[in-house]
Amino acid sequence: MRDSMASEWADVAATRAGYDALAEKYAEIAAGEMDKRPFDRAMLRAFADVVRGTVAELGCGPGRIAAHLHGLGLDVFGIDLSPEMIRLARAAYPRLRFDQGTMEDLALADGALGGIVAWYSIIHTPPERIPAVFTEFGRVLADGGHLLLAFQAVDDATDVLAHDHAVAQAYWWSLRGLESRLRDAGFRPIARLWREGDPDERGPQGYLLATKRPES
């Protein structure tokens with residue numbers, strides 16, 4: 001456990017350091033990736049069609065997804081743990097806003113957002129902290145706001161599986177497992193997609209689109 005609210009989880013510090021070290025290489029690999037991912041583009045297009053209001057991409061990396069969403073007409077900004085990733089994003093997309101921060105403690109007002117995109121950014125969060133992360137997402141989303149998740153996927157019989165990763169420990173989720181946790185945090189899943197991995201990916205990929213339920 002953390003010693004105090006002012007301290008941070010050791011895995012968060014390790015993830016930040018890992019992405020700082022690999023930021024330049026990561027940006028090079030990710031450049032142009034969206035062009036060969038039609039299902040990724042389809043989910044982002046669906047999100048753009050239903051969301052209303054300001055959107056935050058959490059775990060924005062070098063900014064490519066935020067830029068893609070901006071190109072779809074959204075008012076979007078990015079937040080990332082890694083200062084090196086933020087530096088690269090600001091350099092690549094100077095007209096967009098990018099801030100350093102953590103998705104476990106967002107510096108945003110309650111109900112400030114119409115939408116959140118967490119594109120492979122929950123993968124390093126230990127499963128026991130995912131409920132708190134989804135609660136934080138719900139705090140900053142307005143009622144009826146939309147959340148889009150992308151993640152490496154496992155079959156529904158597995159729920160969640162720890163995997164090695166070049167940066168830090170990663171976790172692959174079943175669609176069912178994340179849907180259950182979303183419902184517990186006050187979300188209503190409205191669309192799901194599971195696809196086989198492409199040759200340059202390590203396995204299947206999952207996508208979930210959910211909306212925040214109004215408090216009763």
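Numbers here simply count residues along the sequence, with the first being 1.
- E24 places no side-chain N or O within 3.5 Å of a backbone atom of L22 that could act as its donor or acceptor partner.
- Other residues, nucleotides and ligands contribute over 12 non-hydrogen atoms within 6.0 Å of the OH atom of Y93.
- In this structure the side chain of V76 never reaches within 4.5 angstrom of the side chain of V117, judged on heavy atoms.
- Both Y171 and L182 are part of a single hydrophobic cluster, where members link through side-chain heavy atoms under 4.5 Å apart.
- Under the side-chain hydrogen bond (donor to acceptor under 3.5 Å, both in side chains) criterion, D143 pairs with no residue, sequence neighbours left out.
- The structure places NE2 of H146 at 5.5 Å from CG of L209, a figure rounded to the nearest 0.5 Å.
- To the nearest 0.5 Å, atom CZ of residue R181 and atom CD1 of residue I130 are 8.5 Å apart.
- R183 contributes no side-chain N or O that, together with a main-chain N or O of P189, makes up a donor-acceptor pair within less than 3.5 Å.
- If you chain together ILVMFWY residues whose side-chain heavy atoms come under 4.5 Å of each other, L161 ends up grouped with V154, W172.
- Between I116 and M103 there is no side-chain heavy-atom pair separated by less than 4.5 Å.
- Classification of the Y207-W119 ring pair by plane angle, with boundaries at 30° and 60°, yields tilted.
- Between the T211 side chain and the G144 main chain, a donor and an acceptor come within less than 3.5 Å of each other.
- Criterion: ILVMFWY side-chain heavy atoms under 4.5 Å apart, direct or through other members. Under it, L69 and F39 are part of a common hydrophobic cluster.
- A pairwise comparison of heavy atoms in E128 and P131 identifies O-CD, 3.7 Å as the closest pair.
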Exercise. Show your reasoning for whether side chain to side chain contact (heavy atoms under 4.5 Å, CB included) applies to E33 and D40.
Key: CA-CA 10 Å; E33 191 176 56; D40 290 24; 5.8 Å; no
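- With rounding to the nearest 0.5 angstrom, the CD1 atom of I79 is 10.5 Å from the CD atom of Q100.
- For CZ of R188, the number of neighbouring non-hydrogen atoms (other residues, nucleotides, ligands) closer than 6.0 Å is 12 at most.
- Side chains of S174 and D156 form a contact here, defined as non-hydrogen atoms less than 4.5 Å apart.
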Practice problem: For K36 and D200, run side chain to side chain contact (heavy atoms under 4.5 Å, CB included): C-alpha distance rounded to whole Å, both residues' side-chain angles, the deciding distance at 0.1 Å, then the answer. | Solution: CA-CA 11 Å; K36 58 183 181 181; D200 60 339; 3.1 Å; yes
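- Considering all non-hydrogen atoms of both residues, L113 and A56 come closest at CD1-CB, 3.6 Å.
- In this structure, R202 and H163 have side chains that are in contact, with non-hydrogen atoms separated by less than 4.5 Å.
- Taking the side-chain hydrogen bond (donor to acceptor under 3.5 Å, both in side chains) definition, one finds that D20 meets it with S82, sequence neighbours left out.
- Between the side chain of K212 and the backbone N or O of G145, no donor-acceptor pair lies under 3.5 Å.
- Looking at Y19 and D80, their side chains never come closer than 4.5 Å, going by heavy atoms from C-beta outward.
- A distance of 7.0 Å separates CZ of F137 from CD1 of I122, quoted to the nearest 0.5 Å.
- Judged by distance alone, the side chain of R64 and the main-chain N or O of G32 form no donor-acceptor pair under 3.5 Å.
- Around NE2 of H68, the count of heavy atoms belonging to other residues, nucleotides or ligands within 6.0 Å exceeds 12.
- For the pair Y120 and Q152, the minimum side-chain heavy-atom distance is below 4.5 Å.
- Here the shortest heavy-atom pairing between A153 and G206 reads CB-N, 3.7 Å.
- Remark: H124 NE2 to Q169 CD distance equals 9.5 Å, nearest 0.5 Å.
- Taking all atoms of both residues into account, the shortest heavy-atom contact from G59 to S121 is CA-CB, 3.7 Å.
- A continuous path of hydrophobic side-chain contacts links L74 to M43 [ILVMFWY only; heavy atoms under 4.5 Å].
- Contact between P83 and L81 at its shortest, heavy atoms only, is CD-O, 3.4 Å.
- Legend: residues meeting side-chain hydrogen bond (donor to acceptor under 3.5 Å, both in side chains) with R129, ordered by chain and number and at least two apart, are D11, E104.
- A salt bridge links R87 and E84; the closest N-O separation between the charged side-chain nitrogens and carboxylate oxygens is under 4.0 Å.
- Distance check: E57 CD to L96 CG gives 10.5 Å after rounding to the nearest 0.5 Å.
- Counting only residues at least two apart or in different chains, side chain to side chain donor-acceptor pair (under 3.5 Å) contacts with residues 131-140 comprise D110-R139, E136-R139.
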Practice problem: Go through F187 and L178 one step at a time and tell me if the side chain to side chain contact (heavy atoms under 4.5 Å, CB included) criterion holds. | Solution: CA-CA 11 Å; F187 287 90; L178 282 182; over 6 Å; no
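- At least one side-chain heavy atom of D155 sits less than 4.5 Å from a side-chain heavy atom of T158.
- L193 and V50 end up in the same hydrophobic cluster when Ile, Leu, Val, Met, Phe, Trp and Tyr side chains are linked at under 4.5 Å.
- Between F151 and L175, the closest side-chain pair of non-hydrogen atoms falls below 4.5 Å.
- Remark: R16 engages E8 in a side-chain hydrogen bond (donor to acceptor under 3.5 Å, both in side chains) (not counting sequence neighbours).
- If you chain together hydrophobic residues whose side chains sit under 4.5 Å apart, F98 and L108 never meet in one group.
- The two residues R52 and D49 make their nearest non-hydrogen contact at NH1-O, 3.2 Å.
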